[in-house]
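Everything quoted here is computed from the prediction, not taken from an experiment. Throughout, a chain's letter reflects where its sequence line sits, starting with A, and its residues are numbered from 1.
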2 protein chains.
Amino acid sequence: MSLLSIGRVTNAERQMLMKEEKINKDETCQPGKEQLCPVKDIIARFGDKWSLHTILYLGQNQKLRFNELKSMISGISQRMLTVTLRALEEDGLVARTVYPEIPPKVEYALTPLGQSLLQQLLKLSDWAKLNRGKVLEARERYARKEGHLTEKST
Amino acid sequence: MSLLSIGRVTNAERQMLMKEEKINKDETCQPGKEQLCPVKDIIARFGDKWSLHTILYLGQNQKLRFNELKSMISGISQRMLTVTLRALEEDGLVARTVYPEIPPKVEYALTPLGQSLLQQLLKLSDWAKLNRGKVLEARERYARKEGHLTEKST
DNA sequence: CGGGATCCCAGAAGATACTG
DNA sequence: CAGTATCTTCTGGGATCCCG
């Protein structure tokens with residue numbers, strides 16, 4: 001249970017897999033599987049609230065200390081930064097270097113694997129920038145459509 | 001503050017605010033803002049529990065009815081499927097076609113924009129498949145390191 | 001059949017205090 | 001400085017009932 005309890009790996013999904021046992025062997029994501037598919041697994045690594053920011057900032061700076069990151073990622077709490085960094089470190093995306101000094105000094109940096117992921121995220125970013133307009137349009141369109149359908153409050 | 005309208009209504013309103021507020025001219029993610037950067041915004045669209053599955057299944061089948069999707073995505077509840085589909089529809093990634101019949105018939109399909117996103121997700125999937133081994137290794141390594149540091153129980 | 005509206009809970013995230 | 005521990009709050013999403 002030591003391996004399982006290290007958390008991070010969405011515990012919610014373990015519940016799910018408890019009750020769902022029918023699994024096909026399709027190429028696509030099959031829910032009910034521990035690691036549904038690699039994508040889902042990887043997405044979970046930066047899909048949370050802070051990981052993406054952490055990765056991007058570490059991508060721009062070779063090294064960053066804990067409080068440097070904390071001040072860059074405005075709004076993050078020390079706890080969440082710790083949790084986020086631990087998760088990234090656990091997956092080998094971020095390297096943590098401790099300098100046994102007083103006061104303590106800890107530096108974080110992307111590993112090669114982390115930089116590799118960063119590249120993918122940047123590609124995704126390109127797509128996002130390219131298509132943000134369309135998405136925003138769609139949202140407005142949807143909002144208006146909703147509006148005239150449920151014109152209760154105005 | 002919240003005298004009468006608690007619950008999920010406030011949720012919808014918060015999203016409305018997010019939509020109105022369009023900002024961010026920096027290339028990188030600027031935290032502290034509601035919708036940090038396009039990437040974050042896009043990731044939020046498939047980073048949740050069910051959107052990815054929905055997109056992938058819709059990617060494999062040109063059209064799918066509500067209950068077809070529901071049975072394919074094992075574990076999903078009708079509510080979450082509805083919510084997920086609505087969100088995707090709102091962003092213009094999924095098209096919803098209602099046939100005014102009895103009993104009702106509704107078909108869902110990826111829009112061109114949705115298919116475009118699907119391509120990105122598949123690329124991400126490639127990266128994930130390619131690097132999953134490394135990630136798993138890193139996790140084991142981390143688990144062992146943790147183990148000998150806190151070898152208190154078992 | 002395809003949802004909408006409610007209720008409710010576990011787990012995620014925030015705030016605060018303490019420590020090596 | 002860089003955390004850890006603890007408490008509280010918030011929110012995603014599951015279960016259920018109902019409706020056109």
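Atom pair B/Glu89:CD and C/dG2:P shows a separation of 15 Å (rounding to whole Å applied). A/Lys70 places its NZ atom 12 Å from the P atom of D/dG3, with the value rounded to the nearest Å. Note: CG (B/Leu81) to C1' (C/dG4) measures 14 Å, nearest angstrom. Atom CZ of A/Phe66 is separated from atom C1' of D/dA2 by 6 Å (rounded to the nearest Å). At whole-Å resolution of the value, CD in B/Glu68 and C1' in C/dC1 are 12 Å apart. The interatomic distance linking B/Arg86 (CZ) with C/dG2 (P) rounds to 12 Å, in whole Å. Distance, A/Ile73 CD1 to D/dA2 P: 13 Å, rounded to whole Å. Nucleotide C/dG3 holds its C1' atom 14 Å from the CG atom of B/Leu69, rounded to whole Å.
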Between the protein and nucleotides 13-15 of chain C, list the N/O to N/O atom pairs that are separated by less than 3.5 angstrom.
residue : atom : partner : partner atom : Å
C/dA13  : N7   : A/Arg79 : NH2          : 2.7
C/dG14  : OP1  : A/Lys49 : NZ           : 3.0
C/dG14  : OP2  : A/Trp50 : NE1          : 3.2

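For DNA chain C, the neighbouring residues in residues 96-105 of chain B, judged by any heavy atom under 4.0 Å, are B/Arg96, B/Pro103, B/Pro104.
The hydrophobic cluster containing A/Met72 also contains A/Leu122, counting ILVMFWY residues as joined when their side-chain heavy atoms lie under 4.5 angstrom apart, directly or transitively. Residues B/Val98 and B/Leu93 fall within the same hydrophobic cluster, defined by Ile, Leu, Val, Met, Phe, Trp and Tyr side chains chained together at heavy-atom separations under 4.5 Å.
Not counting sequence neighbours, B/Ser125 has no partner by the side-chain hydrogen bond (donor to acceptor under 3.5 Å, both in side chains) test. B/Asn131 is linked by a side-chain hydrogen bond (donor to acceptor under 3.5 Å, both in side chains) to nothing, counting only residues two or more places apart in sequence or in another chain. Taking A/Glu68 as the reference, nothing meets the salt bridge (Lys or Arg N to Asp or Glu O under 4.0 Å) condition, with sequence neighbours excluded. The side chain to side chain contact (heavy atoms under 4.5 Å, CB included) search around B/Asn67 returns B/Lys70, not counting sequence neighbours. Taking the side-chain hydrogen bond (donor to acceptor under 3.5 Å, both in side chains) definition, one finds that B/Arg96 meets it with B/Tyr108, sequence neighbours left out. For B/Leu136, the side chain to side chain contact (heavy atoms under 4.5 Å, CB included) criterion is met by B/Arg132, B/Arg139, not counting sequence neighbours. Here B/Arg86 pairs with nothing under the side-chain hydrogen bond (donor to acceptor under 3.5 Å, both in side chains) rule; sequence neighbours left out. Remark: A/Glu101 engages A/Tyr99, A/Lys105 in a side chain to side chain contact (heavy atoms under 4.5 Å, CB included) (not counting sequence neighbours).
In the helix from C/dC1-D/dG20 to C/dG20-D/dC1, the end axes, each obtained as the rotation axis mapping the C1' atoms of four pairs onto the next four within a five-pair block, lie 50° apart to the nearest 10 degrees.
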Enumerate, atom names and distances included, each donor-acceptor pair closer than 3.5 Å involving a side-chain atom of residues 112-120 of chain B, sequence neighbours excluded.
residue  : atom : partner  : partner atom : Å
B/Ser116 : OG   : A/Trp127 : NE1          : 2.6

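The side chain of B/Tyr108 places an N or O atom within less than 4.0 Å of a non-bridging phosphate oxygen (OP1 or OP2) of C/dG3.
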